[in-house]
2 protein chains.
Amino acid sequence: MEQVPGSLGTSASFSLRLGQTVFSTASLLFMSLGVQFYSYTSFCYLVTVMGLVIPWSFTLALVDGYSVLVGCPLRQRGILVIVATGDWVLSLLLLAAACSTASAIDLLATLDGPYCPSKFCNRYQLSAVMAFLSWFLIAASSLFNLWLLPSL
Amino acid sequence: MEQVPGSLGTSASFSLRLGQTVFSTASLLFMSLGVQFYSYTSFCYLVTVMGLVIPWSFTLALVDGYSVLVGCPLRQRGILVIVATGDWVLSLLLLAAACSTASAIDLLATLDGPYCPSKFCNRYQLSAVMAFLSWFLIAASSLFNLWLLPSL
């Protein structure tokens, strides 16, 4: 059986999961430390999705770390199907959340009026950037696992 | 070699492509028949992405229709790689565009002021719904082709 770098149980996958956890947490903090995030649907949606992504990535980071330490990567078809599907669904949700947030921020900054004080706006922008980075990593994980799947 | 329904050159794929073309065109028309779409970044982005999706889906619908008529599905690895990659990239762009548009519409409808006259707002909403439907179909095409790929 071929060994795909980045698939479940390898050290590359461990790095990807760690990156996802870090970026998602950063995005959540940048968004929720601002006070007004619950006024806008997109921002609430981003926070909800981050609440799903962070535990998922963190758990899989633990699994990967354990696999690397023990030296025995997980190669059970059922588990890989669940992980690949979960990654795929979460990556779509995360892309949707990141784009909605970016679009809302852009609109708030364009409109005249007191909608986006520059202090909050910068935070929101950082949050959106972190969400995009996190999406990029989770999409990579998803692709690696999906690629390994038919060979099992 | 297994035959995956929905992959390039089958009649299911032809239906998917036709659906993509119809929904994308509808979304583009609903958006661009309103006059104000170029005032907002997200709406311009949606129109740009639709300008990529429509020719792509239409061309592949022609290819699929030809394959079904001739009775000889395309099974060359190189072509399938290009189609699967193109589908995947376009589905991500389309999801991003649909989410940005939906988020911008939601925000415009929430804010007080003359930002979203109800005549335009309904059109924009229909456009976003069509974009989501089109995304759903193009994601299905992408998955079917990706699934077939490792067996070639």
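Convention: sequence-line order gives letters A, B, ...; per-chain numbering from 1.
Hydrophobic clustering keeps W88(A) apart from I82(A) (ILVMFWY residues linked when any side-chain heavy atoms are closer than 4.5 Å, directly or through intermediates). Under the 4.5 Å side-chain heavy-atom criterion for Ile, Leu, Val, Met, Phe, Trp and Tyr, V22(B) and L52(B) are members of distinct hydrophobic clusters. Both I138(A) and L80(A) belong to a common hydrophobic cluster when Ile, Leu, Val, Met, Phe, Trp and Tyr are linked at side-chain heavy-atom distances under 4.5 angstrom. V83(B) and L18(B) fall into different hydrophobic clusters, defined by Ile, Leu, Val, Met, Phe, Trp and Tyr side-chain heavy atoms under 4.5 Å apart, directly or through other members. Taking hydrophobic clusters as Ile, Leu, Val, Met, Phe, Trp and Tyr residues chained together by side-chain heavy-atom distances below 4.5 Å, L148(A) does not share a cluster with F14(A).
The part of L146(A) that comes within reach of chain B is its side chain, from C-beta onward, which places non-hydrogen atoms under 4.5 angstrom from that chain. For I105(A), no part lies near chain B; criterion is any non-hydrogen pair under 4.5 Å.
Residues of residues 56-69 of chain A lying under 4.5 angstrom from chain B, judged on non-hydrogen atoms, do not exist here.
The OH atom of Y40(A) lies 9.0 Å from the OG1 atom of T110(B); values are rounded to the nearest 0.5 Å. Distance CH2/W135(B) to CG/L92(A): 5.0 Å, rounded to 0.5 Å.
Residues satisfying the side-chain hydrogen bond (donor to acceptor under 3.5 Å, both in side chains) test with S42(A), not counting sequence neighbours, are S103(B).
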